[in-house]
Structures are given as structure tokens and as C-alpha cells.
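Convention: sequence-line order gives letters A, B, ...; per-chain numbering from 1.
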Amino acid sequence: MLDIKFIRAHPDVVRAGAAKKRIACDIDKILALDREWREMTVEVDSLRQEQKNASKLIGAAAPADRPRLAEEQKQKKELLKQREAAVEVHYKALHELLLRVPNVPAEEVPEGKDDSENVEIKRFGTPRTFDFEARDHIAIGEAQGWLDVLAGARIAGSRNYFLKGDLSLLEGAVMRYALDLMVKKGFMPLSVPTLVRSEIMVGTGYFPGGEDQAYRCDERDDLCLVGTSEVPVTALHQDEIMNAADLPKRYVAQSSCYRREAGTYGKDTRGLYRVHQFQKVEQVIVDVADAERSLAHHHAIVANAEEVLQALELPYRIVNVCGGDLGQPQIQKFDIETWMPSRGNYGETHSASRFHDFQARRLNMRYRTAEGTVHVCHTLNNTVAASVRMLIALLENHQRRDGTVYLPPALRPYMGGREAIGRPIA
RNA sequence: GGAGAGAUGGCUGAGUGGCCGAUAGCGCCGGCUUGCUAAGCCGGUGUACUCCUCACGGGGUACCGAGGGUUCGAAUCCCUCUCUCUCCGCCA
């Protein structure tokens, strides 16, 4: 959420930002509602003041006079009640609109309508050329007895799967490697709730707007399954005023992630690329409101993810996500795409976002400076490793002619010291 | 799931209808005292919105878990909900 004061002061900046993101948003309506709301608030506050003062006088008055004075008060109360209700209606309308105003993208965000116009800014590693007929991850997984998508579909519907044997272990190995790396870097590991109140979904910017992508419990519980541990981790300090000296907070969390993938029927239907549930290690930073520091963190969390990919010996590229492909909350986003031979292309495996105070304002997450002033925090997050897409990349890039799969040294300690997994297949 | 107790400022903890945005202690900040430290003394110390002001600053309103209600007036009385604790049941 943007600060209404910022919108008042810079309506053109907000309008231009929304346009760059291709998100419709009626700033004039917001400004008009805001103006009216303030006028009404002034009126109601002064009515209340009168009411309060009069009530105090009654308390001080002689008991005999009280009934008569109280009767007068009763009349005035009606007007106040009516005006209070009107203010509330106005405020709610304003708040609803404010929740949907997109964050202003950074200058460095490229113009563009959708992901086809994202700008590649870095490429690392060279996609391998195979001197044999390469298999995709499904072929390898099924031939090795590591993967059962039919069973997944039978017990949980399409886009669900069972990992078996060494592939299940490999998932754990990747997660644990990623987690250990981040802990070594000083990030505080967290185990977090993956079922959260919808208020938290609003706080992190997923609602309103993203309801279709989240699994929700029925009306008995106001809870949603998170699509990423970014949600509970970012919200950890909701409603707190932290000391600036205790910032930044650097967190890392592994969790299951759940995504409905509504509206993707027929898209990436084969294999593990687009699934309803997966494991992910996520990094989150909460810091003071300083644009330069946020930017430095942004580069740092991208570098952390690169370190993982390099250790896993996977080719990747980084794209600067264009305005039209950017979500409502982000200032800027860098996606990291890892080479996936079966796609003949890079596929998104990481997403690094910088929000400034957009999430923190919704979550009411603030800090106090040494001088005693209070400000809204900045937040950022990035994937460290997301399980199934990493497995696709590992299986496909590291497969060998005989159907076994090479393990990069970084993973070996987590796989019993082995240099490869699988048995030779025909 | 059943029974009971509770939720007050950074923390502890008073407050059962008007004098309460809230006693007190701790903590924290500033000052005095002090060879240094400790102790002591004095003063200050919530957040949000809003109005006035170039600003310094000042005024107003709201907030005692959340939402409703009673009342001229609610931290205080009533209702609903959430959460915490204790006991019982069930279960990993």
C-alpha cells in the first residue's frame, strides 16, 4: 500500500507507475474521496469534542440539573452518530481503493507489456549439448522409479506427484544445502505456519487480487495455504515497532508451498514444472526505509541465489522484469531462469522482489530510529531454491547417456557421498 | 470438544461509570551530583489520523485484545468473537 500522503503529493508519479505496470487505477477518485474524508473527519471530531465537553459538565453539575442537561445531549447525539457512520463508509471505500493502488516501479524497470519483454541482464554457464538423445525429467524419473505423477493425480488431482527413492532424497538434499548455505551467511532459519489468516495475505499484498491463486479453508476457518513462506516470514513482525539498531532482519525458511494455478489449464501440463505443491527455501529481509540499502539487499539476495545455481552447476540467466509483468506490490523484480533442456529454454526458478514499504505499511511493521522517529520498514525476498523446478534442472542437465544422474559436489554430503544417482537403464 | 480464569502503555502492574491516554515501579532519554563506576536527585518518555503554522511548536479526535450495545458520559456495565493460561476429554 502506498502512503496516502505520497499519493496526495505525487499523484502523477503514481499514475505513471500504474500505467507502466498496465494496472488500472483511478487516482482522481482516490484523491476526491480522501479530500471528502478529511473534511468529514474534521467535522465529526469537533462534534465529538462538543459532546465530550458537555458530558463533562453534566458530571460536574448539581444532580438536580442533570436530567435536563442529559436530555439536551441526547438530541445532539443523533447527528453525531449519523456523521460517524458516513465517515466510516467513506473511509472503507477509500481503503478498498488504496489496497489496489500499485507500487511505483523503479526507473530501472524496463517498459513492456508482458514477460516477452523482460530484459535479460546476465547469462551464466553454457547449456550443454548432448551427444546422445537426452531424456526429459519425466522420462528419467519414471525409468528410475523416482516419479509417479499418475498416483499423484489419483490421490490429489492433476499437477500432483509422488517423488520416490533417490529423487525424494535429492529434494531434501537441495533444500538442506540451500538452507545451510543461508544460515552460514547469517540468515536466521525459521519454521513457519503455512496456513495463515487472510489478513496476512492482504498484508503481504497477495489479496485483494490473488484470491484465485490461493487455497482457502472453508468458512469455519479464515485460513489460507500460503504459496510461499515469504508470507508468514514477512509478517513475523506485524504490528511491531522495532529498533533500527536491530535491523536488518535476515530470515530463511523452508516450507511447503501451495498454488491453485487457476487459469493455467493446458499450460505446462506435462511433468513437474507447474504443480500445486512444492518445497521451497526462501530468503526474506526486513530493514530500515532506505532506498539505497534496499537496492543493495536486492543485489545481495540475487547473488545468494546465483551461488546456489553455480554450486549446482546449472546454467541460468537473470531477467529484469518489465513493467507489464511486474506485480502490484513490487518496486522491481529480478527473475532467475534456469536452463531446462526439455523446454529448450530457460524456465523461471527464482524471483527476487524489492517492495520498499509497500508490504510493511499493510502489515504495520515499523522501526524507531536512534533519534526517536518512527518509520515504516522496507522488505525484500527471493527464492533460494524451489524444489521441483530445481529437480527438473538437475535431472535434465546432469543426466548421462546411461540414464544415471551426476551429482554436483555441493549435494554429495547430503546424498551419502555419492557422485551420481540411478542405475544404468537401457 | 467440555469447564474455568484472563487480555491495560517497551515490561511488571493498579484502576469496577465522569477527576483516566490512564497511578506506581522497572526500563529508556536528558540534566544535576560524581576522580571513575554505582547509588541518589530533577525532568522527560505511546501510536495513528487531522487542523493551525514556512518552521519551531500548538490544538483536536481516536486507541486499555477485536467488533457491537447500554449511557449525557465506558478501560470500567452487557453481548459476540479472537487469543492466552489451567483442568478434563480426544489425538499426533
Side-chain angles (χ1 to χ4, degrees), chain A residues 1-9 30-99 101 191-203 216-224 232 235-247 249 256 288-289 357-358 360-377:
Chain A
M1 190 160 69
L2 292 178
D3 188 351
I4 181 66
K5 289 173 188 161
F6 179 83
I7 301 176
R8 272 178 216 152
I30 286 171
L31 291 175
L33 272 172
D34 173 53
R35 203 175 315 112
E36 291 163 26
W37 171 72
R38 275 186 291 162
E39 284 166 8
M40 294 165 87
T41 300
V42 170
E43 183 201 353
V44 166
D45 281 355
S46 71
L47 279 173
R48 243 196 305 252
Q49 187 185 3
E50 278 177 42
Q51 175 86 2
K52 265 178 86 164
N53 290 341
S55 288
K56 271 181 191 154
L57 289 178
I58 293 177
D65 294 335
R66 288 184 189 177
R68 181 178 52 79
L69 293 167
E71 190 53 37
E72 287 171 17
Q73 277 299 96
K74 233 173 186 169
Q75 318 295 328
K76 290 182 184 166
K77 214 174 95 174
E78 279 315 304
L79 176 66
L80 177 60
K81 267 194 167 168
Q82 197 187 318
R83 300 306 293 162
E84 276 177 335
V87 167
E88 202 184 323
V89 167
H90 239 76
Y91 180 77
K92 275 187 178 157
L94 177 61
H95 191 71
E96 283 295 308
L97 289 177
L98 278 177
L99 281 178
V101 176
S191 299
V192 299
T194 49
L195 210 42
V196 303
R197 299 178 196 284
S198 46
E199 165 200 322
I200 301 302
M201 298 298 280
V202 173
R216 310 182 79 160
C217 289
D218 64 36
E219 58 287 345
R220 289 176 302 172
D221 303 291
D222 174 35
L223 296 169
C224 304
L236 176 62
H237 296 289
Q238 185 191 28
D239 290 327
E240 281 184 37
I241 300 180
M242 293 174 276
N243 286 322
D246 296 333
L247 297 173
K249 300 275 190 191
S256 292
V288 298
D357 58 12
F358 190 90
R361 177 165 295 105
R362 289 167 171 241
L363 289 166
N364 194 29
M365 206 156 71
R366 295 168 294 172
Y367 65 95
R368 198 188 310 273
T369 62
E371 296 76 45
T373 56
V374 173
H375 307 275
V376 178
C377 295

Task: Backbone of A:Val374 reached by a side-chain donor or acceptor of A:Arg366 within 3.5 Å - done: no
Task: Whole-Å gap separating P (B:rA48) and CD1 (A:Ile4) - done: 17 Å
Open item on the list: What is the distance, to the nearest angstrom, from the CG atom on A:Leu57 to the P atom on B:rC19?
Closed with: 12 Å
TODO: Could you please spell out the steps behind the salt bridge (charged side-chain N to carboxylate O under 4.0 Å, His left out) verdict for A:Glu88 and A:Lys92?
DONE: CA-CA 6 Å; A:Glu88 202 184 323; A:Lys92 275 187 178 157; 3.4 Å; yes
Task: Gap in Å between the two P atoms, one belonging to B:rU76 and one to B:rC90, rounded - done: 40 Å
Open item on the list: Measuring only the P atom in each nucleotide, how far is B:rU37 from B:rC49? A whole number of Å is fine.
Closed with: 41 Å
TODO: Sticking with atom P, work out how far B:rC54 lies from B:rG17, rounded to a whole angstrom.
DONE: 47 Å
Task: Nearest-Å distance once atom C1' is located in both B:rG15 and B:rG27 - done: 22 Å
Open item on the list: Roughly how many Å apart are B:rA3 and B:rC81, using the P atom of each and rounding to a whole number?
Closed with: 13 Å
- [ ] Using the C1' atom on both, measure B:rC29 against B:rG69 and round to a whole Å.
- [x] 43 Å
Open item on the list: Quick one, A:His375 and A:Val288 - any side-chain contact, counting heavy atoms below 4.5 Å?
Closed with: no
TODO: Hunt down the Watson-Crick or G-U wobble partner of B:rA92, both distances under 3.5 Å, from any strand shown, or write none.
DONE: none
Open item on the list: One character per nucleotide, please: for nucleotides 55-74 of chain B, 5' to 3', B when the base has a protein heavy atom closer than 4.0 Å, S when only the sugar-phosphate does, - otherwise.
Closed with: -----BSS-------S-BS-
Task: Residue matched to B:rG67 through Watson-Crick or wobble contacts both under 3.5 angstrom - done: B:rC79
Task: Beyond-backbone contact of A:Thr373 with A:Arg368, side-chain heavy atoms, under 4.5 angstrom - done: no
Task: Opposite nucleotide pairing with B:rG18, Watson-Crick or G-U, both atom distances under 3.5 Å - done: B:rC72
Open item on the list: Applying a 4.0 Å non-hydrogen cut-off, can you work out what A:Arg8 is touching in the nucleic acid: base, sugar-phosphate, or nothing?
Closed with: sugar-phosphate
Task: Nucleotide forming a Watson-Crick or wobble pair with B:rA39, both distances under 3.5 Å - done: none
- [ ] Evaluate whether atom CD of A:Glu96 has more than 12 neighbouring non-hydrogen atoms of other residues, nucleotides or ligands under 6.0 angstrom away.
- [x] no
TODO: Using modelled atom types only, decide if a donor and an acceptor are shared between the side chain of A:Asn243 and the backbone of A:Ala245 within a distance under 3.5 Å.
DONE: no
Open item on the list: Pairing check on B:rU45: which nucleotide meets the Watson-Crick or G-U wobble criteria with it, both distances under 3.5 Å?
Closed with: B:rG27
Open item on the list: With rounding to the closest Å, how many angstrom separate the P atoms on B:rC56 and B:rA66?
Closed with: 32 Å
Open item on the list: Just so I know, are the side chains of A:Leu47 and A:Leu79 near enough to count as touching, which here means a heavy-atom distance under 4.5 Å?
Closed with: yes
Task: A:Tyr367 OH to B:rG46 P, straight-line distance once rounded to whole Å - done: 20 Å
Give me the distances for all protein-to-nucleotides 7-13 of chain B N/O pairs that come in under 3.5 Å?
none

Open item on the list: In this structure, how many angstroms lie between the C1' atom of B:rU47 and the NE2 atom of A:His375, rounded?
Closed with: 14 Å
Are there any protein N/O atoms within less than 3.5 Å of an N/O atom in nucleotides 79-84 of chain B, and if so, which ones and at what distance?
none

Task: Check: A:Arg362 side chain, A:Val202 main-chain N or O, donor-acceptor pair, under 3.5 Å - done: yes
Open item on the list: If you define the side chain from C-beta out and look only at heavy atoms, does anything of A:Thr41 sit under 4.5 Å from A:Glu39?
Closed with: no
Task: Criterion side-chain contact (heavy atoms from CB on, under 4.5 Å) against A:Leu94, the qualifying member of A:Leu31, A:Asp34, A:Val89 - done: A:Asp34
TODO: Take atom C1' in B:rU34 and the same atom in B:rG25, then report the distance between them in whole Å.
DONE: 26 Å
Task: For B:rU33, the Watson-Crick or wobble counterpart (both distances under 3.5 Å) - done: none
- [ ] Give a yes or no on whether the backbone of A:Arg35 and the side-chain of A:Arg8 come within a donor-acceptor separation of less than 3.5 Å.
- [x] no
Open item on the list: Is the shortest side-chain heavy-atom distance between A:Leu98 and A:Leu2 below 4.5 Å?
Closed with: no
Task: Complementary nucleotide for B:rG4 - Watson-Crick or wobble, under 3.5 Å - done: B:rC85
Open item on the list: If I take atom CD in residue A:Glu36 and atom P in nucleotide B:rU50, what distance separates them, rounded to the nearest angstrom?
Closed with: 15 Å
- [ ] Nearest 0.5 Å please: distance from the CD atom of A:Gln51 over to the NZ atom of A:Lys81.
- [x] 10.0 Å
Task: Distance, rounded to the nearest Å, where A:Asp3 contributes CG and B:rA48 contributes C1' - done: 12 Å
